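Computed from a prediction, not measured in an experiment: that's the story for all the values here. In what follows, chains are A, B, ... by sequence order, proteins preceding strands, each numbered from 1.
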Protein chains: 2
Amino acid sequence: MSDSPLRIHQIREQLRQQLDAGVFDKDHKLPSERQLSELFAVSRMTLKDALSALEAEGLIYREGRRGWFVAVPRLIYNPLSRSHFHRMVEEQHRRADTEVLSIQSELASPELMRVMELEPLTPIERLTRRRSIDGRAVLLVENCLVSRYFPDILKEDLTQSLTELYRQRYGYRNSRSRFDVQPAAAPASVAKALHLSPGQMVLKIIRVNYNQAGELIDSEFEYWRHDAVCIRIDSQCRVETEAILK
Amino acid sequence: MSDSPLRIHQIREQLRQQLDAGVFDKDHKLPSERQLSELFAVSRMTLKDALSALEAEGLIYREGRRGWFVAVPRLIYNPLSRSHFHRMVEEQHRRADTEVLSIQSELASPELMRVMELEPLTPIERLTRRRSIDGRAVLLVENCLVSRYFPDILKEDLTQSLTELYRQRYGYRNSRSRFDVQPAAAPASVAKALHLSPGQMVLKIIRVNYNQAGELIDSEFEYWRHDAVCIRIDSQCRVETEAILK
DNA sequence: TAGTGGTCTAGACCACGGG
DNA sequence: CCGTGGTCTAGACCACTAC
């Protein structure tokens, strides 16, 4: 043991400078943990701690066993303007993709019954989709639709905005939404789909939507990579929304 | 080395069961890391990883060098209903406290100028307060008020709701708010005030408030312990709010 | 197959907390 | 003061990715 080698905090500062200066990254991938730990003359565990701290700051992110990458600007997401994921992303000059991962008819789980205030044995459709920005998977969405409101919905193109589909195909307008936002650990299935380490933190958004008749027609569980999104709400929109509804 | 000892995931499951069953905790403090690592026959580093995973799930939390504690229900926080922290907390049958940590007159920083769209050299008051629920520090709020709108405000009781103070003392009503919500790393000062480890993750809320004349009068930086809050927004409230304003 | 990050060990010293 | 968590080491094996 020489003096005291670089501490975790000093490594953070040094890496932060390098990142700010844009020194790293042709294709925005950082050198491997082993290379960096040699570079800074610390053990790999210590270096990982430093990288994890920068990850919490949102300066870098981790992708499965693929390595560390420099962060990308967050998507500004206004949940009051109801989905339209693709439009929102394109307005911010990014490229959006949606993949349907699974879809199945089933009965509402106890948790879902609680969230949606459903009767026992209510048939629902459960739709799981993964959404990407500029080719990077950032969001896993699980929609639970009350089947009786959506006959034959499985025959539709489900990569588009569901809101649009509701309106055009079924004549439903979204009159009211309630949503909860909270940090949470990614469930195993979500972690896998988003290339996260098991138990890594995500931003979880639970929302329930009512149609113009006040009927609770569907709910949505969103899991966002924590560094990929900034939720923006402007109470000004309320006045505009109200005006439009009239 | 016997076979393979308990892995991190198995420890998580076991601890989760113990927690759900309410086995631990007289005063809801967990045994020390060293004790637990012996109990599960793993190294302390491994045990820490397991605890960190449970922390991400929101089942336990860490307090400075004091130890690990079982989690407490999240505060349901509706930012559209504008602060009134104490009322909100008491409605949820908890006890609220507010401490003023610092207050000083200064010129707007570059970052603040950007957020609040201020002229250079604008004088502001910067007020830092710590808020607790049932004796646990969960929120650090930093308010930045444009000085010219709030003459002599430093003479007031600043532990109360600022919204109330604005209304009663200055006749300002909040006509519009915009806020951004995103996960972030706690800056050192915030980490210290909330007894967090440096760089730990928090939920950051930046909001700007306009008065009835559409003037941007103050902004607020909130840093919440990530396990202490659930943000709830109900678009239904909008109609009610609008009705009240008329 | 080579290289990556994920996990894990068995120690150690330090800074801070509370009695 | 002692016990706590925070940090750190110098190795190791494994599961997976990318080629």
Can A/Thr163 and A/His84 be said to form a side chain to side chain donor-acceptor pair (under 3.5 Å), step by step?
CA-CA 7 Å; A/Thr163 318; A/His84 295 299; 5.0 Å; no
I'd like to know whether A/Glu99 forms a salt bridge (Lys or Arg N to Asp or Glu O under 4.0 Å) with A/Arg129, so could you lay out the CA-CA distance, the side-chain angles of the two residues, the decisive distance to 0.1 Å, and finally the verdict.
CA-CA 5 Å; A/Glu99 304 159 78; A/Arg129 299 182 296 174; over 6 Å; no
Walk me through it: do A/Arg131 and A/Glu222 pass the test salt bridge (Lys or Arg N to Asp or Glu O under 4.0 Å)?
CA-CA 10 Å; A/Arg131 295 186 136 166; A/Glu222 302 183 0; over 6 Å; no
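Applying the side chain to side chain donor-acceptor pair (under 3.5 Å) test to pairs two or more places apart or on separate chains, those with a residue in residues 185-196 of chain B are B/Arg66-B/His195.
Atom CG of residue A/Asp227 and atom CG of residue A/Leu75 lie 12.0 Å apart, to the nearest 0.5 angstrom.
Nearest heavy atom pair, residue B/Ala185 against residue B/Gly199, reads CB-O, 3.7 Å.
Note: CD1 (A/Ile8) to C1' (D/dC8) measures 9 Å, nearest angstrom. The CZ-P distance, from A/Arg12 to D/dC8, rounds to 11 Å in whole Å. The NZ atom of A/Lys192 sits 16 Å away from the C1' atom of C/dG6 (whole-angstrom rounding). Here the C1' atom of nucleotide D/dG5 and the CG atom of B/Leu30 are 13 Å apart, to the nearest Å. In this structure, CG of A/Leu51 is placed 14 Å from C1' of C/dG6, rounded to the nearest angstrom. Nucleotide C/dA10 holds its P atom 17 Å from the CD atom of B/Glu33, rounded to whole Å. Rounded to whole angstrom, the span from the CD1 atom of B/Ile60 across to the C1' atom of D/dT4 amounts to 15 Å. Between A/Leu196 atom CG and D/dT17 atom P the separation is 14 Å, expressed in whole Å.
Between B/Asp49 and B/Arg44, the residue whose closest nucleotide on DNA chain C is further toward the 5' end is B/Asp49. The residue among B/Gln200 and A/Met45 whose nearest nucleotide of DNA chain D is located toward the 5' end is B/Gln200.
Salt-bridge check for A/Glu57 with A/Arg16: passed, with a basic side-chain N closer than 4.0 Å to an acidic carboxylate O.
Among A/His28, A/Glu63, A/Glu33, the single residue meeting the side chain to side chain donor-acceptor pair (under 3.5 Å) criterion with A/Trp68 is A/Glu33. When each of A/Glu125, A/Arg126, A/Arg207, A/Glu220 is tested with A/Asn143 by the rule side chain to side chain donor-acceptor pair (under 3.5 Å), just one qualifies, namely A/Glu220.
Of the side-chain N and O atoms in A/Thr46, one or more sit less than 4.0 angstrom from OP1 or OP2 of D/dT9. When the side-chain nitrogen and oxygen atoms of A/Arg62 are compared with OP1 and OP2 of C/dG6, one or more of them lie within a distance under 4.0 Å. Contact annotation: A/Lys48 side-chain N/O to C/dG6 OP1/OP2 distance is under 4.0 Å. Distances shorter than 4.0 Å separate some side-chain N or O of B/Ser32 from OP1 or OP2 on D/dT4. Dashed line: the shortest gap from a side-chain N or O of A/Ser197 to OP1 or OP2 of C/dG5 is not under 4.0 Å.
For a distance-only test at 3.5 Å, the side chain of B/Arg34 qualifies as a donor-acceptor partner of the base of D/dG5.
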How would DNA chain D look in dot-bracket form, 5' to 3', counting Watson-Crick and G-U wobble pairs with both distances under 3.5 Å and writing | for bases paired to another strand?
|.||||||||||||||||.
Under-3.5 Å N/O pairs linking protein and nucleotides 16-19 of chain C:
| from | atom 1 | to | atom 2 | distance (Å) |
| --- | --- | --- | --- | --- |
| C/dG18 | OP1 | B/Arg66 | NH1 | 3.2 |

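Within the cation-pi definition used here (under 6.0 Å to the ring centroid, within 45° of the axis), A/Arg136 qualifies as a partner of A/Tyr61.
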